[in-house]
Structure formats: structure tokens, C-alpha cells
A.B. asks: 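The structure that follows is given in the form of C-alpha cells.
Residue indices begin at 1 and follow the sequence shown.
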Amino acid sequence: MESIQEIKERFKNTPIQELPAFCEIYRADERKGVQKLVEQGHKRIAALEKEKERLKQMREFEREYEHLGYICGIDEVGRGPFAGPVVAGAVILPPDCEILYVNDSKQLSEKMREQLYDEIMEKAVSVAVGYASPQRIDEINILQATYEAMREAVSKLAVTPQILLNDAVTIPQITIPQVPIIKGDAKSISIAAASIVAKVTRDRLMREYDKIMPEYGFASNKGYGSKEHIEAIKKYGPTPIHRRSFIHNATGENYE
């Protein structure tokens, strides 16, 4: 007879899709430790079913427009920071694509975003990223720069989508039909995937900037206006990646 520790190791290494069979095998084992493992297995199965139901709801927009062809989710990250670019993600997923735990990137831990990023890159039909630099943001304002980044992302896709699902905005100067969805990154799997791609891309970039300019804490604040970040600007002055129009309002200094 297997020891409880051996069964526990099997349980730990059993893929979640095989858990129902695992629970059935050990259902008749009356040892309390084994029954506890079976109970935990059933809880994991129930959680998985709940997650699959959530994902089903997040594919409602994709199902509504799937007859048109390729559906592209669009989202951006970095409209609020004092430093760094605004980054837009564009993601086309295959029909009925299942990527567990995809959600609005703000609702996910950094570790989960990184894991999901890899899965999105592996499963997507096409992924592209667009950027607008701090200088461009200062030149044309953050909203117009965000639109530019989104247009760039769409233009870099390997295939041309037939419809865009956007997080809340309608992008000017794009001829592809668009559907703006309020809080779309929590309602559409395509937009959620785009938000994760944009967030991971931008966070990685800010960590690289931190290696070059460690005084500003970019690895932790990602360019946002934390107290420490503002103090560093006042002490060391702005860097080439700071948005002059943003930090003027925060520091009262004119860095034009």
C-alpha cells in the first residue's frame, strides 16, 4: 500500500485535468490524510470549473464577432507615469483559445503576468506592440500619443484583423471596424491578453532603464510619480525618458 506521503507527492505532480481520475482512485481509501487530499482535489476541480466559466464569459465578444474573421484585442499601459513610453499591445487569439487566468493585467501579480505573457506569445495568431516616446507624449499630448502607439501595434501585426476590440477608446485614423468596450480588459479575453502583453513589455523596459539610471527607482515605481521618484527628480533633475509636461505639474519646475 502506498504511504500517504507517496500519494501526496503524486497528488502534487498530477496535472489538474487528471485530478478527477486521481480522486476516484483514492476515494475508497479511508485514511484521513488521503481523504484530505481527495477533498483538496475536488476543491481544485471546482475552482478550475469556475475559472473556465469566467473565461467563457470573457469570450462573449469574440463569439459575437467571430464570423468576421480575425479579432484583435487592443489595450495600452503607461498613460499616467512621469517617465517612460506609453505602450500598446495588439493580440489576435485563435477561436476558442483557452488561457487560464487571463484577466485585466492590473488584477494579476507580476509573476502571473510573466507566465501568461509566455502562454499568450505561444498560442496567439499574432502579437504586436506599439510605443510612443516621452518626447512624443510631450509634443502631441498623452491621448494622441496613445492612439499613435495603438495604430503602430495594429500595423505591425502579421495578419490583418477584420475587427478591433478596444479597451474603452475608438482609435482615429484606422479603417478597420472597432468596438470600444468599457473595462474591456476585464470583459474580453483578447483585450485582457493585450493588456498583459503591454504591461509586461513596459515593465521589462522600465527595469532596464533602472539599471542605467538607478537613482529614480524605475524598477519599483515603473515611472509613476511616487514620493521618492519626485524627490529624485528634484535632486538629480529629469532624465531623457521623463515627460517634461508631466513632471512640471508635479514639481513646479520648468524643465522645457
A.B. asks: Can you list the steps and then say if Thr146 with Val169 is a side-chain contact (heavy atoms from CB on, under 4.5 Å)?
C.D. replies: CA-CA 10 Å; Thr146 298; Val169 301; over 6 Å; no
A.B. asks: Donor-acceptor check, side chain of Arg151 to backbone of Ile171, threshold 3.5 angstrom: yes or no?
C.D. replies: no
A.B. asks: Are more than 12 heavy atoms from other residues, nucleotides or ligands located less than 6.0 Å from atom CZ of Arg27?
C.D. replies: no
A.B. asks: CE/Met150 to CD1/Ile174 distance, rounded to the nearest 0.5 angstrom?
C.D. replies: 9.0 Å
A.B. asks: So with a 6.0 Å cut-off around CD of Glu30, is the heavy-atom count from everything else above 12?
C.D. replies: no
A.B. asks: Distance from Leu100 atom CG to Leu48 atom CG, nearest 0.5 Å?
C.D. replies: 6.0 Å
A.B. asks: Of all heavy-atom pairs between Ser133 and Pro85, which one has the smallest distance, and what is that distance?
C.D. replies: CA-CB, 4.4 Å
A.B. asks: Can you tell whether the side chains of Asp185 and Lys106 come within less than 4.0 Å, N to carboxylate O?
C.D. replies: yes
A.B. asks: Is the NZ atom of Lys183 crowded by more than 12 outside heavy atoms at less than 6.0 Å?
C.D. replies: no
A.B. asks: Given the rule in the salt bridge (Lys or Arg N to Asp or Glu O under 4.0 Å) test, do Lys50 and Glu53 qualify, once you have shown the distances and angles that lead to the verdict?
C.D. replies: CA-CA 5 Å; Lys50 185 176 180 181; Glu53 182 59 33; over 6 Å; no
A.B. asks: How close do Ala153 and Gly89 get, counting heavy atoms only, and between which atoms?
C.D. replies: CB-C, 4.5 Å
A.B. asks: Surrounding OH of Tyr147 (heavy atoms of other residues, nucleotides or ligands, distance under 6.0 Å), is the total greater than 12?
C.D. replies: yes
A.B. asks: So, the side chain of Asn221 versus the backbone of Gly223: is there a donor-acceptor pair under 3.5 Å, distance only?
C.D. replies: yes
A.B. asks: What is the distance from atom CG of Asp167 to atom OG of Ser188, rounded to the nearest 0.5 Å?
C.D. replies: 9.0 Å
A.B. asks: Does a side chain donor of either Asp104 or Ser195 reach within less than 3.5 Å of an acceptor in the other side chain?
C.D. replies: no
A.B. asks: Please check if atom NZ in Lys123 has more than 12 non-hydrogen atoms from other residues, nucleotides or ligands closer than 6.0 Å.
C.D. replies: yes
A.B. asks: On the 0 to 90° scale, with breaks at 30° and 60°, tag the His229-His242 ring pair as parallel, tilted or perpendicular.
C.D. replies: tilted
A.B. asks: Does Arg54 come within less than 4.0 Å of Glu51, counting only side-chain N to carboxylate O?
C.D. replies: yes
A.B. asks: Measure the CD1-CZ distance between Ile71 and Arg59 for me, rounded to the nearest 0.5 Å.
C.D. replies: 11.5 Å
A.B. asks: Strictly below 4.0 Å, N to O, side chains only: are Glu231 and Lys235 in salt-bridge contact?
C.D. replies: no
A.B. asks: In Å and rounded to the nearest 0.5 Å, what is the CZ to CG distance from Phe22 to Asn13?
C.D. replies: 10.0 Å
A.B. asks: Which heavy atom in Ala158 sits nearest to a heavy atom in Ser126, and how many Å separate them?
C.D. replies: N-OG, 2.9 Å
A.B. asks: Does Glu66 pair with Arg63 as a salt bridge, N-O distance under 4.0 Å?
C.D. replies: no
A.B. asks: Mark yes or no: Arg10 above the aromatic ring of Tyr26, with NZ or CZ under 6.0 Å from the six-membered ring centre and no more than 45 degrees from the axis.
C.D. replies: no
A.B. asks: Can Arg207 and Glu114 be counted as an ion pair, charged N to O under 4.0 angstrom?
C.D. replies: yes
A.B. asks: Flag the pair Glu39 and Lys43 as a salt bridge only when some basic side-chain nitrogen lies within less than 4.0 angstrom of an acidic carboxylate oxygen.
C.D. replies: yes
